[in-house]
Amino acid sequence: MRVDIVTIFPDYLSPLELSLVGRARARGILDVHLHDLRQWADDVHRSVDDAPYGGGPGMVMRPQPWWAALTEIRALGAADGRRPRIVVPTPVGRPFTQAYAADLADVPWLVFCCGRYEGIDARVIDEWADDEISIGDYVLAGGEVATLVILEAVTRLLPGVVGNAESVTDDSFTDGLLEAPVYTRPAVWGDREVPAVLRSGDHAAIGRWRRAEALRRTAQRRPDLLARQDQAAADDGSGGA
Ligand SMILES: O[C@H]1NC=Nc2ccccc21
């Protein structure tokens with residue numbers, strides 16, 4: 001997978017050199033290219049923002065640098081007919097979910113546009129954005145952190161990135177439930193003991209315990225996920241969660 005990221009703060013993306021994504025890059029599974037938006041700004045001050053029409057607080061990112069940047073990046077694929085899927089992380093986007101990550105993991109070339117200020121001129125979004133994605137209902141200062149979140153979730157789904165393929169399929173949200181609690185040695189820590197069933201060696205009982213804990217946790221913390229499960233079950237006629 002090729003990923004291009006356009007930002008006015010390239011250093012903000014340096015975590016992509018570390019850990020899971022860093023290893024995927026070192027192994028050639030992911031090919032990341034960072035671009036400083038300012039290199040395309042057409043004025044001597046390299047300005048990327050301006051006052052919003054209609055007034056209001058803050059500044060808006062100008063169309064010209066984005067248009068030039070995305071035109072040049074898209075042209076990289078012209079020779080061999082490749083076209084990127086252009087993603088704009090934004091608070092007004094579609095919610096990012098595990099299913100959305102799985103969708104993006106199948107795309108050979110992603111381009112992330114990191115907005116700052118009050119956002120990017122709407123004409124850029126209208127013309128160029130294939131996806132507008134929100135990572136949650138809270139306010140960040142820009143799209144860089146959201147791009148890191150989206151890229152980590154997508155990268156771990158790429159073949160060969162996560163050693164134990166099972167840990168990708170049975171983690172939270174993949175089966176629609178929150179994961180059960182996890183434990184490791186020692187068996188007793190202070191006055192707290194690991195649930196005996198997990199040390200019983202009875203894998204059927206362990207599976208039942210984990211499922212019950214996942215359902216209990218999900219009902220307690222994310223009843224919305226259970227409702228989604230029940231609706232999905234109703235749609236395909238099978239039993240509830
Ligand atoms: O405000 C944030 N909420 C959710 N997603 C975002 C993506 C880019 C910029 C800002 C946000």
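Ligands are counted one by one from 1 in listed order, and the atoms in each one are counted from 1 as well.
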Dump all N/O pairs between ligand 1 and the protein below 3.5 Å as a table: atom names plus distance, one pair per row.
{"from": "ligand 1", "atom 1": "1 (O)", "to": "Tyr138", "atom 2": "O", "distance (Å)": "2.8"}
{"from": "ligand 1", "atom 1": "1 (O)", "to": "Leu140", "atom 2": "N", "distance (Å)": "3.0"}
{"from": "ligand 1", "atom 1": "3 (N)", "to": "Gly136", "atom 2": "O", "distance (Å)": "3.1"}
{"from": "ligand 1", "atom 1": "3 (N)", "to": "Tyr138", "atom 2": "O", "distance (Å)": "2.8"}
{"from": "ligand 1", "atom 1": "5 (N)", "to": "Ile135", "atom 2": "N", "distance (Å)": "3.2"}

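Not a single donor-acceptor pair under 3.5 Å links the side chain of Ser134 to the backbone N or O of Pro95. Judged by distance alone, with hydrogens and angles left aside, the side-chain atoms of Arg2 form no donor-acceptor pair with the main-chain N or O of Trp109 at under 3.5 Å.
Using cut-offs of 30° and 60° for the angle between ring planes, the His33 and His35 rings count as parallel.
Grouping Ile, Leu, Val, Met, Phe, Trp and Tyr residues whose side-chain heavy atoms lie under 4.5 Å apart, directly or via other members, places Val197 in a hydrophobic cluster with Tyr183, Val194, Leu198, Ile206, Trp209.
Tested against Arg62 for a side-chain hydrogen bond (donor to acceptor under 3.5 Å, both in side chains), the candidates Asp49, Asp42, Asp121 yield a single pass: Asp42.
Relative to the six-membered ring of Tyr53, Arg123 misses at least one condition, a distance below 6.0 Å or an angle of at most 45° to the axis.
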